[in-house]
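Notes follow once the structure below has been shown.
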Amino acid sequence: MSQTSVATVVGSAKISRFHLKAAAICALLMIADGYDLVSFGSVIPHLMKDWGTDPVTLGVVGSTALAGMFAGGLVVAPLADKYGRRKLIVAGLILASIAAFACAFADTPLVLGALRFVVGVALGALVPNFMALTGELSPTKSKAFFVATVSAFYAVGGVGAALLAIYIEPVLGWRGVFYVAGLSILLVPVVLKHLPESPEYLAHVGQRERLDAVMKQIEPSWSPNTVIALPTPASGKSRIAQLFTHGNALATSLMWVFFIMTMVLSYALNTWLPKLMQNAGFELGPAMWTLVILNAGGLFGSIAGGWIAGRTSYRKTLVGYFALAIVSLVLLSIKPNAFMLNVLLFTAGAAVIGILAIIHAFAVEFYPVHIRSTGVGWATGTGRIGAIAGPILGGALVASGLPLQMNFVLLTIPAVLGVTAVIIVTARRFKSAATNAEKPVLVP
């Protein structure tokens with residue numbers, strides 16, 4: 001009988017229709033995530049008019065979804081390391097769809113905030129798991145590209161939210177934006193039928209028949225008689241504790257720092273950019289288009305970043321992207337003309353949203369399979385501190401009445417902190433309690 005590890009076979013497999021189909025499904029899930037989160041920014045001007053609510057209150061309402069993602073990432077997402085990625089993905093998708101649709105019927109900021117919190121909990125469980133699953137199904141040389149590309153479709157959801165808002169809100173009002181958000185429930189049967197469970201997870205929990213079925217799709221020469229080599233089991237410490245023991249405390253902490261700083265930038269811009277531009281003298285329509293330009297740049301930057309990281313390194317790519325973000329934000333502060341404004345917004349979106357895609361790929365690669373959902377879930381979940389702070393910061397900037405250019409200067413501060421953390425953490429490797437030796441285990 002031949003002997004190998006699941007990771008070795010998956011890592012050396014050739015890209016096939018199986019990989020493309022799985023990545024496409026995960027990309028659709030990311031579109032739903034991007035739409036759900038960015039759509040709130042598109043309805044803020046209408047909520048201020050209809051409800052007479054002040055910017056700071058709506059900033060808090062916008063942050064409730066992100067607070068929910070914080071809770072979902074820390075508490076719910078890690079359950080996938082025990083129960084499987086697929087179960088958490090389906091449960092999160094159903095809950096997010098129902099709660100997002102219910103937002104259309106909210107009549108006060110309090111009710112809307114509560115529903116947005118539920119949406120956030122669901123997405124906080126959903127996103128880290130389909131991102132981890134994307135990496136676990138991808139060949140080694142293409143892993144960064146696949147994960148970053150899937151993450152890039154967050155920007156597609158963001159662009160879709162902005163475009164649909166432009167055309168739906170005049171007809172159905174702001175509630176129409178949330179009607180559309182509920183349509184993501186149509187993805188549930190697609191996931192159940194076509195998205196497989198993580199083969200590494202199936203190997204670790206001993207589900208041999210399901211493992212063989214998935215591996216046969218990844219590698220047609222796979223034999224049910226293959227002896228699967230599994231790493232020596234790790235210590236009995238909890239998965240969360242393993243993030244901080246054996247010299248991992250600094251790396252884990254800095255991982256959280258650059259997730260937080262990146263999300264401050266991304267969510268502050270996506271939530272408040274239309275209103276900032278409106279305050280600067282733009283009509284609502286052109287102001288909404290700046291959100292489209294920002295997220296279009298994010299789509300390009302995310303895919304390009306995954307390709308670059310796969311051919312160079314995460315360190316070089318992330319440092320370069322942070323530098324590009326800082327430069328573009330500084331240049332936005334010097335009153336560019338209309339053409340340069342659009343170019344710089346596209347560049348800022350490519351860098352800021354692109355960083356968010358690349359650090360997801362880096363986190364999936366950084367953490368070993370037995371704590372991957374825990375590591376990625378806690379990184380993305382803790383990162384929501386920045387996502388929570390972003391809309392609140394944006395609301396405070398709008399309320400302060402500062403010149404548009406000064407707002408962009410202030411946004412360079414989290415970028416500088418983020419790149420400092422990246423430089424340190426990307427030079428380290430996660431240290432596991434498990435030994436490097438592997439023992440042959442024939443999974444029953």
Side-chain angles (χ1 to χ4, degrees), residues 24-51 58 61-62 64-66 68-69 89-109 111-124 126-127 130 150-191 266-267 270-275 284-285 287-296 298-299 353 391:
I25 294 171
C26 291
L28 290 173
L29 294 172
M30 184 57 83
I31 289 174
D33 171 58
Y35 181 93
D36 273 338
L37 293 177
V38 176
S39 61
F40 182 77
S42 71
V43 305
I44 281 179
H46 296 276
L47 292 176
M48 292 179 68
K49 180 180 178 180
D50 290 358
W51 290 353
L58 286 178
V61 172
T64 57
L66 308 172
M69 293 191 80
I89 290 171
V90 172
L93 180 58
I94 292 172
L95 183 59
S97 302
I98 294 172
F101 182 76
C103 288
F105 303 95
D107 54 3
T108 66
V111 172
L112 182 59
L115 289 170
R116 295 296 295 165
F117 179 82
V118 176
V119 170
V121 171
L123 294 178
L126 176 68
V127 176
F130 72 68
V150 166
S151 185
F153 277 80
Y154 172 89
V156 175
V159 170
L163 289 174
L164 284 171
I166 291 171
Y167 296 106
I168 287 178
E169 287 176 348
V171 180
L172 298 175
W174 62 266
R175 299 179 191 273
V177 172
F178 294 119
Y179 294 148
V180 174
L183 296 177
S184 59
I185 201 167
L186 299 177
L187 291 174
V188 172
V190 177
V191 172
S266 179
Y267 286 90
N270 268 312
T271 303
W272 286 106
L273 182 61
K275 189 61 182 176
L284 180 58
M288 292 295 292
W289 273 104
T290 62
L291 198 60
V292 175
I293 294 168
L294 183 82
N295 282 281
L299 174 62
I353 300 174

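Hydrogens, waters and symmetry mates play no part in the numbers below; they use all other heavy atoms, side chains included.
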Quiz: residues 113-122 side-chain donor-acceptor pairs under 3.5 angstrom, not counting sequence neighbours:
from: R116; atom 1: NH1; to: D36; atom 2: O; distance (Å): 3.3
from: R116; atom 1: NH2; to: D36; atom 2: O; distance (Å): 2.8

For residues 152-168, please give each side-chain donor-acceptor pair under 3.5 Å, one per line with the distance, not counting sequence neighbours.
none

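Applying the side-chain hydrogen bond (donor to acceptor under 3.5 Å, both in side chains) test to residues at least two apart or on different chains, the pairs with a partner in residues 92-107 are S97-S184.
Rounded to the nearest 0.5 Å, atoms CD1 (I89) and CG (L187) are 11.5 Å apart.
Contact of the Y179 side chain with the F101 side chain is registered, since non-hydrogen atoms from C-beta on lie closer than 4.5 Å. Contact of the I185 side chain with the L93 side chain is not registered, since no non-hydrogen atoms from C-beta on lie closer than 4.5 Å. You'll find the side chain of F40 stays beyond 4.5 Å of the side chain of W174, heavy atoms only. Between V191 and L28, every side-chain heavy-atom pair lies at or beyond the 4.5 Å cut-off.
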Exercise for review: Go through L47 and L112 one step at a time and tell me if the side-chain contact (heavy atoms from CB on, under 4.5 Å) criterion holds.
Suggested key: CA-CA 11 Å; L47 292 176; L112 182 59; 3.9 Å; yes
Check your understanding: Does the side-chain contact (heavy atoms from CB on, under 4.5 Å) test come out yes or no for D33 and M69, once each step is laid out?
Key -> CA-CA 11 Å; D33 171 58; M69 293 191 80; 4.0 Å; yes
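In plain terms, the two heavy atoms of I353 and G298 that are nearest each other are CB-CA, 3.6 Å. Minimum heavy-atom separation, V150 to M30: O-CG, 3.2 Å. The shortest non-hydrogen separation linking F178 to S39 is CE2-OG, 4.2 Å.
In this structure a side-chain-to-backbone donor-acceptor pair under 3.5 Å is present from Y35 to V177.
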